[in-house]
> 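One structure, pasted below without further comment.
Hydrogens, waters and symmetry mates play no part in the numbers below; they use all other heavy atoms, side chains included. For this chain, numbers begin at 1 and follow the sequence in order.
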Amino acid sequence: MKTTWLKTAIAIAAGALSTQALAAGFALNEQSISGMGTSFAGRSSAADDATTLFGNPAGMSRLKREEVSFGMAAIHAKSDIKDTSGLPGNGSNDGDMVPFTAVPMGYYVNPLDDKWAVGVGIYVPFGMITDYESGFEGRYFGDYSEVRVITVQPTVSYRFNEKLSIGFGPTINRIDGELQSATLNQASPGANDGRVKVKGDDTAVGFNFGVLYEFTPHTRMGVTYHSKVEYELEGDTKLSGAGFGPFAGTKYDASLDITTPESVDISLTHELNDDWTLYGGAMWTRWSRFESIIIENEGMSPLLPPSLQPIIEEQDWHDTWSYAVGAAYKLNKTWTLRTGLAFDQSPTNNVHRSPRIPSGDRTAVSFGLAWNPTSDVTVDLAYSYLWEEDTKVRRQSPTRGAYNATYENSAHGFGAALSYRF
């Protein structure tokens with residue numbers, strides 16, 4: 001029986017890590033399927049399985065056995081675009097620009113003794129993709145955007161006593177990105193567009209640090225700090241289309257500096273009795289670091305439009321808070337039910353919000369199920385439904401025209417994970 005479950009775990013891991021690690025938002029929550037079932041309430045204090053390596057590395061001290069956990073979250077988003085207008089004004093607004101995407105994760109934790117535990121995790125902390133149809137009306141402000149960050153985190157935790165534990169893990173982060181947009185042809189606005197495609201990548205280091213304090217055997221609080229990561233993407237900018245005339249097909253070295261933000265996650269877990277466990281939490285994220293996208297292009301001809309030297313897209317994001325509450329009910333030794341409710345502020349603003357990330361404040365409700373067929377195995381399933389407030393895009397530029405629209409965004413999330421204890 002153990003051999004069968006272990007083979008299944010390895011198969012799931014191989015499939016997960018070969019999948020495109022993308023999702024519908026810039027920051028992702030999907031690093032734990034058990035956490036997904038409670039809308040990630042109690043993320044830094046639950047410490048129920050190996051996924052605590054991300055949620056709070058100090059929580060590894062609560063695991064009594066060597067454990068591996070592999071999972072996958074799938075996201076199906078829906079967007080309706082309405083109340084549109086702009087200049088030059090021609091184009092379509094089909095919506096549903098986020099393709100069906102999958103987010104993988106994998107963790108291993110080994111408690112060395114009563115004090116020390118070590119582990120390693122692979123997960124996706126940031127990712128997004130928006131892929132509009134050809135001829136999208138807002139194409140001059142961005143019609144294809146793709147960013148993915150894959151992180152490897154070796155981690156260690158130490159338990160001082162029955163109450164206090166700490167954990168630390170450096171993060172090795174690989175970022176890949178691609179941005180595309182049409183370029184307005186001033187000689188024939190709305191027709192004979194040019195096209196700009198920018199691609200780049202980089203690897204950078206950050207860290208995660210966590211503290212777990214157990215007030216009683218049934219009540220604990222966790223605090224986790226995820227550091228900022230500074231990237232210097234190197235790649236190229238390619239020009240194509242009739243709008244660039246003799247420069248169509250040329251390629252230039254490009255660079256882009258971007259910093260993913262630090263965050264602080266605080267949560268509380270309380271085991272009310274043998275059946276019920278309650279969770280609550282809040283997270284602050286320093287999105288104000290994301291002020292603009294500035295792409296430097298080396299060696300461009302002075303005959304090309306000044307807007308390409310460099311390419312600048314203002315963002316002016318602001319810091320955000322998210323909140324979540326959740327509960328788990330243990331039906332018996334085999335089955336556990338979970339649910340949660342979360343509210344997440346959007347970092348974007350009405351002045352600089354772009355079709356690349358047209359997000360607003362969001363609310364999510366989640367349901368989860370844990371199945372323990374043996375003491376060695378847990379299968380976690382989760383479902384989330386997320387909806388955003390109506391979000392307005394109001395962009396205008398002398399070189400790009402204008403685009404105004406209202407977005408209605410929602411998404412379904414599905415998750416499955418398998419944990420095996422040796």
Side-chain angles (χ1 to χ4, degrees), residues 12-13 15-41 43 51 54-55 69-81 94-106 121-133 144-151 175-178 260 283 285 320 322 324 326 338-348 355-369 380-389 391 407-418:
I12 290 176
L17 297 179
S18 65
T19 302
Q20 291 294 321
L22 304 173
F26 187 16
L28 300 180
N29 278 323
E30 290 77 14
Q31 293 86 29
S32 167
I33 303 305
S34 56
M36 184 178 176
T38 60
S39 289
F40 305 100
R43 176 165 38 195
T51 65
F54 171 83
S69 180
F70 299 103
M72 178 82 71
I75 300 170
H76 175 63
K78 179 176 177 58
S79 296
D80 292 326
I81 305 175
D94 291 349
D96 292 343
M97 64 285 182
V98 179
F100 186 83
T101 56
V103 184
M105 64 208 75
I122 303 176
Y123 54 86
V124 184
F126 296 93
M128 60 161 284
I129 180 169
T130 50
D131 185 6
Y132 291 89
E133 71 278 7
Y144 184 88
S145 309
E146 179 182 345
V147 176
R148 62 170 175 259
V149 177
I150 300 178
T151 296
I175 187 171
D176 293 274
E178 179 178 330
T260 53
M283 184 172 71
T285 305
T320 62
S322 62
R338 302 185 179 108
T339 189
L341 179 69
F343 173 77
D344 193 359
Q345 293 178 329
S346 170
T348 62
R356 296 194 187 279
I357 310 178
S359 62
D361 293 348
R362 59 182 60 180
T363 304
V365 60
S366 302
F367 302 93
L369 175 69
D380 287 295
L381 302 174
Y383 166 76
S384 296
Y385 178 68
L386 175 153
W387 65 96
E388 295 185 351
E389 64 179 2
T391 303
Y407 284 72
E408 292 182 353
N409 302 319
S410 62
H412 299 273
F414 309 89
L418 174 65

> Under 3.5 Å, is there a donor-acceptor pair between the side chain of Thr38 and the main chain of Gly340?
no
> Give a yes or no answer on whether the side chain of Ser346 reaches the backbone of Thr348 with a donor-acceptor pair at less than 3.5 Å.
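Here the side-chain-to-backbone pair exists.
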> Please examine the side chains of Thr260 and Pro125, heavy atoms only from C-beta on, and report whether any two atoms are closer than 4.5 Å.
no
> Quick one: list whatever passes salt bridge (Lys or Arg N to Asp or Glu O under 4.0 Å) with Asp344, sequence neighbours left out.
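Here no residue qualifies.
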> Is there side-chain contact between Thr285 and Gln345, with at least one heavy-atom pair below 4.5 Å?
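In short, these two side chains do not touch, never coming nearer than 4.5 Å.
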> Minimum heavy-atom separation for Met128 to Ile357, with atom names?
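Nearest heavy atoms, Met128 then Ile357: SD-CD1, 3.5 Å.
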> Parallel under 30°, tilted from 30 to 60°, perpendicular over 60°: which one fits the rings of His76 and His412?
parallel
> Angle between ring planes, Phe367 versus Tyr383, binned at 30° and 60°: parallel, tilted or perpendicular?
parallel
> Quick check against the 3.5 Å criterion: does Ser145 have a side-chain atom that pairs as donor or acceptor with the backbone of Ile129?
no
> At what distance, to the nearest 0.5 angstrom, does CZ of Arg362 lie from OG1 of Thr391?
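Rounded to the nearest 0.5 Å, the CZ-OG1 separation comes to 9.0 Å.
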> Is it the case that the side chain of Asp96 and the backbone of Ser79 share a donor-acceptor pair, with hydrogens and angles ignored and the cut-off at 3.5 Å?
yes
> Within the side chain of Arg356, is there an N or O that forms a donor-acceptor pair under 3.5 Å with the backbone of Tyr144?
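Flag set: sc Arg356 to bb Tyr144 pair under 3.5 Å.
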> Main chain of Val124, side chain of Gln31: is a donor-acceptor contact present, judged purely on distance under 3.5 Å?
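Checking the backbone N and O of Val124 against the side chain of Gln31, a donor-acceptor pair under 3.5 Å is found.
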> Ignoring hydrogens and angles, tell me if any N or O in the side chain of Asn409 forms a donor-acceptor pair with the backbone of Ser359 under 3.5 Å.
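It does not hold such a pair.
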> Please report the interatomic distance OG(Ser322) to CG(Asn29), rounded to the nearest 0.5 Å.
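Separation between the atoms: 7.0 Å.
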> What verdict does the side-chain contact (heavy atoms from CB on, under 4.5 Å) test give for Phe70 and Ile122, after you've listed the backbone C-alpha separation in whole Å, the side-chain angles of each residue and the deciding distance to 0.1 Å?
CA-CA 9 Å; Phe70 299 103; Ile122 303 176; over 6 Å; no
> Can you name the closest pair of heavy atoms from Ser32 and Phe40 and give their distance?
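Looks like O-CE2, 3.4 Å.
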> So, the side chain of Asp131 versus the backbone of Met97: is there a donor-acceptor pair under 3.5 Å, distance only?
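Looks like no, no N/O pair under 3.5 Å.
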> What is the distance from atom CD of Glu408 to atom NZ of Lys78, rounded to the nearest 0.5 Å?
9.5 Å
> Looking at Glu388 and Gly360, would you say the former's side chain and the latter's main chain have a donor-acceptor pair under 3.5 Å?
yes
